[in-house]
Every structure is written in C-alpha cells, then in structure tokens.
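See below for the structure under consideration.
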Amino acid sequence: MTQEKWGQLRKKLLKTVGQNNFATWIEPLEFQEVDDGVAVFSVPTNFMGNYVSQNFADLILYELNTAGESVQRVAFQVAANSTARPTAPTPQPVPLPEVAQPKGEAISSADALEALQAAPLDARFTFDSFVVGKPNELAHAAARRVAEGGPVTFNPLVLYGGVGLGKTHLMHAIAWELRSRHPELNVLYLSAEQFMYRFVQALRERRMMDFKHLFRSVDVLMVDDVQFIAGKDSTQEEFFHTFNALVDQNKQIIISADRAPGEIKDLEDRVKSRLQCGLVVDLHPTDYELRLGILQTKVQQHRATYPDVQIADGVLEFLAHRISTNVRVLEGALTRLFAFASLVGREIDMDLTQDCLADVLRASERKITVEEIQRKVSEYYNIRLSDIIGPKRLRSYARPRQVAMYLCKQLTSRSLPEIGRRFGGRDHTTVMHGVKRIEELKLTDGQIAEDVEMLRRALEA
Ligand SMILES: Nc1ncnc2c1ncn2[C@@H]1O[C@H](COP(=O)(O)OP(=O)(O)OP(=O)(O)O)[C@@H](O)[C@H]1O
C-alpha cells in the first residue's frame, strides 16, 4: 500500500471515528509497510499501540481490505526514535497570551507558591486508622494492593465516592505505606488543583521542561480530586500527556474523584477513557455498621485527650443512626461532644447530645439515596442489583425497576435525567414512563400498592 492510499483511508476513518478520536488515535499512526499480510504502523508510545489495537484495529483492517489491500492483521510498533510522547507538542515556551490565561486556569504567582507548599500528608490518615466495612472494603483492598508497591497490576487505580467518604484518607494511607515500604520510590501526591497550579506556574515562568521532567520522573503519581481539572482545557491536555508518559513507563498512577470518571462533566473523553483503563472502585455511602465502627475508633482516639469524659450507652448508636451524610460530619459531631462534655464536666448522654448537636441533627435529617432505594428494591423482590440497573426487559426485572424509579422520584430530590443516569444511563422519558406506570398500577393492583408502601416504610425507617 502506498502512503497516498493510507492518506485516503485516513479520511474515511476520520468520518467513522470522529474528530476527537481521530486526532488522538489515528492521526499519530504512521504507515510503514504491508509484510506478509500484516500491515505495520508505527506508534509513538506502547500505551497508544495497545489502545489502538484494542479499539480500532478491526476498523482499520476492515477499511484496508475494503480498499483492496489483502491484509490479515494490523500491527503497531513503537517508533525506534520515539521519545515518551512525540504526539504532544515538544516542550517549548508557548506564546504567552495564549497560555498565560488558559480558560479558568489563571492564578496569581502568590497563589501558586502557596499551593506548592501545601501537599503534606496527614499523619492521621493511615491504613491503621481506616475502618473497613462493606461499603468500602473493595476500595480498601485495592488501595492495600497498590500500597504493597509490587508489579503494577492495574493502572490507574481510580477511587471515587461522595463527599467525606474517605478518598483522601485512603490516598494518604497508600502514600504513607509506599514511602515506608519503598523509600527508594519517588511518590508524588498532590491534588488536581495543585497539579494545575504547578502547570500554570511553569507556563508563566517558561519552565515547562522542568515541569515535564518532574512529573515524568516520578515512580508513583497520586492525584486527588481529579474532577477539579474538568473544563480546564490546557490542564487536561497536560494531564493527559503526563498520564500517557507514565503509563508507558509502567509507573503506577492513583487517582481519586468525587464521581465515576464517565460521569465527570466537562472531562475530555480521552481523559475519561484513560481513567477507565485500569481499576475503578467506588466508596459507597457508609452504612450503619461502618459508621458505628468509625465512631468507636474515634472514641478511643478522643480518650487520649479527654481521659475523664464518659460516654453513656446508646449515644454512639444514636449518632450512627442519625448522622448518615458523611464521615467528616460524624467526626466533627463527636469532637464537639467530647469538648463540650469536658468543659461542663458531664457525661456524654442523650440529653447532652441532643442539646449540643441540635443543628447537626437537624441538618442531617435522613436523606434517602438512589442507591439505597435500588438496593432495598432488589432485596425485596429477590433479584440482583445489577438486574435493576441493567438492560434486561423481562417483566420480573422491569416492574421492580419501575418501582425503584417511582420511589426515587418520590423520596429523593433527584431529577428524572439524574435518576435515568443512575439506572444504567436510561433516558428521562423512560423514567417518566416508569413512574406513571406505577402511579396507575397503585390504583388497580393491590399487590403493587402494598409493595410500594412496604418499601417506602422500610426506606424511611
Ligand atoms: N473508613 C474510615 N475510617 C476512618 N476514618 C474515615 C473513614 N472514612 C472517612 N474517614 C474520615 O472522614 C474524614 C473525611 O475523609 P476524607 O477527607 O478522606 O474524605 P474525602 O472522600 O476525600 O472527601 P472530599 O470529597 O471532601 O475530598 C477524614 O477525617 C477521614 O479520616
């Protein structure tokens, strides 16, 4: 095949895969030769070769054959003279007007310096102080595995979950463990915000080479709260290249986010797909047992500061039941109770708790989540959670799914599109139809009316 023919094929591929995919994956491919039925392309990096091979090889093969080439296979080889990332623009002083103010990314030098100093690890956030329960056991196990520092098995590890569920705690715990087990490893932990600050500062000071060198020479890169870079185009671009370069060198990357990568709005698709390449695990909302376990552990810690403060039976159980929003609030409540009880020289009993925490208790009146509803409904109808969320249309799954959607609409403040997303990415019209159907059935089918009522009670208990 000639280069010219490959040029024509590329135009066809552009139409099929779209501009973004094309620019990222197809454009950098260089056609080398067809040898014994194998079309060989050179790629800038291994990572890219693997990705293209998994996602676009069939398409390329099809187009080659449609164009009259007799090719059985396509192969991707890393170009011999390739550096870590030749597809990216070579490090250079980028023209100031364009880079000095990437959209929403401009900061003052003072901010940048402050941020640079602010990446210490919290001494309290270790594996020892992390309480493991059902909602976080998988995330904990994955974090432990990565913290062993053995051969890289999943890359990146992405930990995600709602506010205050322990993402940062786990990230710090991994970093502590890696630093103590493998002091020789260069472990860099920072928030996505700090990544952006460093990047913008490097641009301003025309020190991109230093920046690239710094980030490409780490052994483990840990970026907390990656959702922060969403919508910040230049930072995402740099993050993307940093990511590729490190994965290519088989260096471990660990990321945290407040939601699943696919759900982070304004995060470029290519960044999302990178994040989804490794192991993505979520920290589920805490359950009662986990909250109680955390409270018991924290009580032990407070005892060191307040040895005289006593805590009455039932108080921890009450708190675990009533404060289900997030662990940070739970911790804050306990700290306040200990401080207050010590000041007034009283035991922490129910009266003191109600008085001292009136505002917290009011604010955290139980909020029912979509996940809770899905779980309860699947238990009630004795089907798997995945069948409620998944695509199966059988009546035995579809009806419970509609019941769950109905309850989500009634008991949460989620919008129809949001509910649809949490039911396997369904459209809001599907949710609307489900809700209507259950409203009708409640009037005509006693069994459904009873099911809905039982579930509502169980959820509100
Ligand atoms: N399983 C747990 N065991 C012990 N402490 C926990 C656990 N989960 C969370 N915490 C504590 O709750 C507090 C909040 O946790 P952390 O800062 O890690 O949350 P986060 O998920 O990073 O939240 P954010 O989304 O706000 O960044 C911390 O003090 C942490 O130690």
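Read the numbers this way: they start at 1 and go in the same order the structure lists the ligands and their atoms.
At a heavy-atom distance under 4.0 Å, only side-chain atoms of K298, from C-beta outward, approach ligand 1. The proximity of S256 to ligand 1, defined as any non-hydrogen pair under 4.0 Å, does not occur for either the backbone or the side chain. Heavy atoms of N326 found under 4.0 angstrom from ligand 1: none, in either backbone or side chain.
Classification of the Y288-H321 ring pair by plane angle, with boundaries at 30° and 60°, yields perpendicular.
For S129, the heavy-atom gap to ligand 1 drops under 4.0 angstrom. Judged by the shortest distance from any of its heavy atoms, D258 lies outside the 4.0 Å radius around the atoms of ligand 1.
Atom 17 (O) of ligand 1 has as its closest protein heavy atom R328 NH2, 3.0 Å. Taking atom 23 (O) of ligand 1 as the reference point, the nearest protein heavy-atom neighbour is G164 N, 2.9 Å. The protein non-hydrogen atom at the shortest distance from atom 12 (O) of ligand 1 is V327 CG1, 3.2 Å. Summary of contacts: the protein heavy atom closest to atom 18 (O) of ligand 1 is H169 N, 2.7 Å. Closest protein heavy atom to atom 11 (C) of ligand 1: E331 OE2, 3.2 Å. Of the protein's non-hydrogen atoms, the one nearest atom 22 (O) of ligand 1 is T168 OG1, 2.7 Å. For atom 25 (O) of ligand 1, the closest non-hydrogen atom of the protein is K167 NZ, 2.9 Å.
Every atom of ligand 1 is numbered from 1 in the order shown, and the set under 4.0 Å from a heavy atom of N136 is 1 (N).
For ligand 1, none of its N or O atoms has an N or O atom of F125 under 3.5 Å away. In terms of polar-atom proximity, G166 is counted as a contact of ligand 1, with an N or O under 3.5 Å from an N or O of the ligand. Annotation: V131 places an N or O atom under 3.5 Å from an N or O atom of ligand 1; distance criterion only. Remark: ligand 1 and V163 share no N or O pair separated by less than 3.5 Å (distance only, no angle test).
Relative to the ring axis of Y380, K376 does not place its NZ or CZ within 45° and under 6.0 Å from the centre.
With no hydrogens or angles considered, no side-chain donor-acceptor pair links Q201 and R198 at under 3.5 Å. Between S129 and R124, the side chains place no donor N or O within less than 3.5 Å of an acceptor N or O (distance only, hydrogens not considered).
Ionic pairing of R346 and D355 is not present here: no N-O contact between side-chain nitrogen and carboxylate oxygen is shorter than 4.0 angstrom. The pair K232-E238 fails the salt-bridge criterion, with no side-chain N (NZ, NE, NH1 or NH2) lying under 4.0 Å from an Asp/Glu carboxylate O. In summary, E453 and R456 engage in a salt bridge, as defined by a charged side-chain N under 4.0 Å from a carboxylate O.
Considering F240, F243, F239 in turn, F239 is the only one that fulfils the ring-ring contact (aromatic ring centres under 6.0 Å, His included) rule with F195. Looking at H172, H140, H169 one by one, the single match for ring-ring contact (aromatic ring centres under 6.0 Å, His included) with F127 turns out to be H140.
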As a quick check of understanding, evaluate salt bridge (charged side-chain N to carboxylate O under 4.0 Å, His left out) for E268 and R274, giving each step before the final call. CA-CA 10 Å; E268 282 181 24; R274 283 310 185 293; over 6 Å; no
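Counted within 6.0 Å of CE on M454, heavy atoms from surrounding residues, nucleotides or ligands total 12 or fewer; the atom is thus considered open.
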